[in-house]
Amino acid sequence: MQGGEEGGDWTDAMRAGDFTRAWHITDRDLPELCRAAPDKYAGPRHLQRIWRGEPLAGRRVLVRCYHGLGDTIQFARFLPALGEIAAELIVWCQPELLPLMQAVASGRVVPLHDGTPDVAFDVDIEIMEIPHAIRADADLVGMRQPYLRLPTTSTASSAIARDRLAVGLVWEVGNWDKRRAVPPDQLAMLNIGGVALYSLQLGGGTAAAQIGALDISTSDLTALAQRICELDLVITVDTMVAHLAGALGRPCWVMLHADCDWRWPLTGERSIWYPSLRLFHQPEPGDWSSVVIEVRAALMAARG
């Protein structure tokens with residue numbers, strides 16, 4: 001599964017939660033994708049097609065986490081199911097995720113780096129290809145309980161207010177997708193009585209001050225997970241933080257642009273992937289004002 005390369009029909013099936021149809025489409029397209037893709041392990045990592053239909057049962061399986069941090073977090077839910085059929089499971093993932101992934105992976109977790117892995121394996125698969133390979137259905141995709149948990153060494157932050165609704169904010173993903181950027185001045189509308197705002201936005205110090213949010217951002221993902229767990233609510237655009245909050249089972253509101261990614265439905269407030277998330281959609285491309293107004297009303301109701 002590589003970000004919708006399988007075509008619009010696949011995207012529609014994934015949005016609708018029709019996973020049987022999605023895997024049928026991927027089965028149909030897999031041979032051609034394997035022929036058209038670069039040789040295995042050649043070319044840019046995000047374009048490499050690692051799994052080519054080889055059997056996984058009873059074998060030493062290396063899981064390569066070649067996409068983004070949010071992708072790894074979202075698809076980590078399938079690692080226990082893969083571990084049940086593999087003779088051995090080795091997860092080669094982003095170093096910053098190692099402490100969190102240890103809890104969900106039913107095998108070894110080793111840090112991803114450039115070059116070849118330093119472990120022996122029989123077959124490899126990209127983490128986003130696991131649900132296709134194991135024929136995941138809605139029951140396996142749907143999250144019954146949080147699958148990430150904090151390491152026991154995590155410590156609480158004293159910066160979070162306990163007398164008001166503590167809300168963390170993330171308003172952009174970076175220069176690679178400007179559609180996911182909410183102008184910080186609009187988020188100042190969320191600075192209301194009974195609510196304490198905190199910025200989880202890396203490098204957002206100046207904008208955080210404009211919003212009226214205390215900057216508690218960190219590049220340490222374990223510390224970030226701890227802070228998310230201390231907050232009452234996270235409000236974010238579609239980024240890794242949404243997946244981290246959802247995998248931890250924490251309340252999170254996600255502000256989505258009009259042509260949102262295939263992971264999210266085009267309408268409605270709920271996602272099969274994360275029951276603790278609430279979705280807020282742009283009514284028209286570029287209209288963040290309507291989204292923020294809706295979020296503000298919901299926040300006023302949530303503060304009591």
Side-chain angles (χ1 to χ4, degrees), residues 1 14 19 45 50-51 56-113 117-119 121 123-155 218-231 234 236 239-252 254 263 271-277:
M1 191 190 315
M14 293 298 290
F19 301 107
R45 281 184 170 178
I50 301 303
W51 187 66
L56 305 177
R59 309 184 78 184
R60 292 175 299 175
V61 180
L62 176 71
V63 177
R64 297 174 182 255
C65 302
Y66 275 1
H67 285 71
L69 294 168
D71 299 317
T72 298
I73 293 169
Q74 180 181 6
F75 286 82
R77 72 189 65 211
F78 301 111
L79 290 172
L82 178 57
E84 289 179 4
I85 65 172
E88 182 183 2
L89 191 63
I90 307 129
V91 181
W92 200 31
C93 81
Q94 298 92 331
E96 51 267 60
L97 280 175
L98 287 176
L100 294 170
M101 294 293 287
Q102 293 284 357
V104 66
S106 56
R108 283 188 289 164
V109 181
V110 294
L112 182 69
H113 57 74
D118 307 314
V119 294
F121 59 95
V123 62
D124 52 346
I125 187 169
E126 214 283 326
I127 194 167
M128 293 181 71
E129 295 174 329
I130 295 175
H132 171 215
I134 65 175
R135 294 298 192 272
D137 57 16
D139 286 338
L140 192 55
V141 171
M143 199 178 98
R144 298 290 178 264
Q145 60 185 6
Y147 57 88
L148 288 189
R149 62 177 182 268
L150 296 175
T152 55
T153 55
S154 299
T155 56
T218 175
S219 59
D220 183 321
L221 293 193
T222 302
L224 176 61
Q226 174 69 49
R227 290 169 196 182
I228 288 172
C229 288
E230 294 170 21
L231 293 165
V234 172
T236 179
T239 187
M240 178 272 297
V241 171
H243 295 283
L244 183 56
L248 290 164
R250 299 299 301 162
C252 179
V254 186
R263 298 156 218 263
S271 163
I272 188 175
W273 294 92
Y274 303 109
S276 68
L277 266 54

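For clarity, every value in this text was computed on a predicted model and none was experimentally measured.
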Pairs meeting criterion ring-ring contact (aromatic ring centres under 6.0 Å, His included) with involvement of residues 76-111, two or more places apart: Phe75-Phe78, Trp92-His113
Any donor-acceptor pair under 3.5 Å from Gln94 side chain to Glu96 backbone: no
Result of checking Leu100, Leu98, Ile127 against Cys93 for side-chain contact (heavy atoms from CB on, under 4.5 Å): Leu98
Side-chain donor/acceptor of Tyr147 to backbone N/O of Ile73, under 3.5 Å: yes
Audit row: Leu224, Met240, side-chain contact (heavy atoms from CB on, under 4.5 Å) steps and yes/no: CA-CA 11 Å; Leu224 176 61; Met240 178 272 297; 4.1 Å; yes
Residue pair Pro111 / Pro95: nearest heavy atoms and the distance that separates them: CB-CG, 4.1 Å
Sidechain-backbone polar pair: Glu126 side chain, Tyr66 backbone, donor-acceptor under 3.5 Å: yes
Which residues share a salt bridge (charged side-chain N to carboxylate O under 4.0 Å, His left out) with Asp71, sequence neighbours left out: Arg263
Student check: side-chain heavy atoms of Pro131 and Val141 closer than 4.5 Å: no
Which atom of Leu277 lies closest to which atom of Gly246, heavy atoms considered: CD1-CA, 3.5 Å
Nearest heavy-atom neighbours spanning Ala225 and Leu150: CB-CD2, 3.5 Å
Gap between atom CG of Leu79 and atom CD1 of Ile130 - 0.5 Å precision: 5.0 Å
With Arg250 via side chain to side chain donor-acceptor pair (under 3.5 Å) - residues at least two apart: none
Heavy-atom check, side chain of Leu140 versus side chain of Phe19, under 4.5 Å: no
Phe121 versus Pro117, closest heavy-atom pair with distance: CE2-CG, 3.7 Å
Partners passing salt bridge (charged side-chain N to carboxylate O under 4.0 Å, His left out) against Arg149 (at least two apart in sequence or in another chain): none
Flag side-chain contact, heavy atom, 4.5 Å: Val241 against Val234: yes
Counterpart residues, side chain to side chain donor-acceptor pair (under 3.5 Å), relative to Arg108 (two or more places apart): Glu88
Contact summary for Met101 and Val109, nearest pair of heavy atoms: O-CG2, 4.1 Å
Nearest heavy-atom neighbours spanning Cys252 and Ala242: SG-CA, 4.1 Å
Residue pair Gln102 / Pro151, side-chain heavy-atom distance below 4.5 Å: no
All salt bridge (charged side-chain N to carboxylate O under 4.0 Å, His left out) counterparts of Arg77, not counting sequence neighbours: none
Qualifying residue for side-chain contact (heavy atoms from CB on, under 4.5 Å) with Val61, from Ile85, Val91, Leu89: Leu89
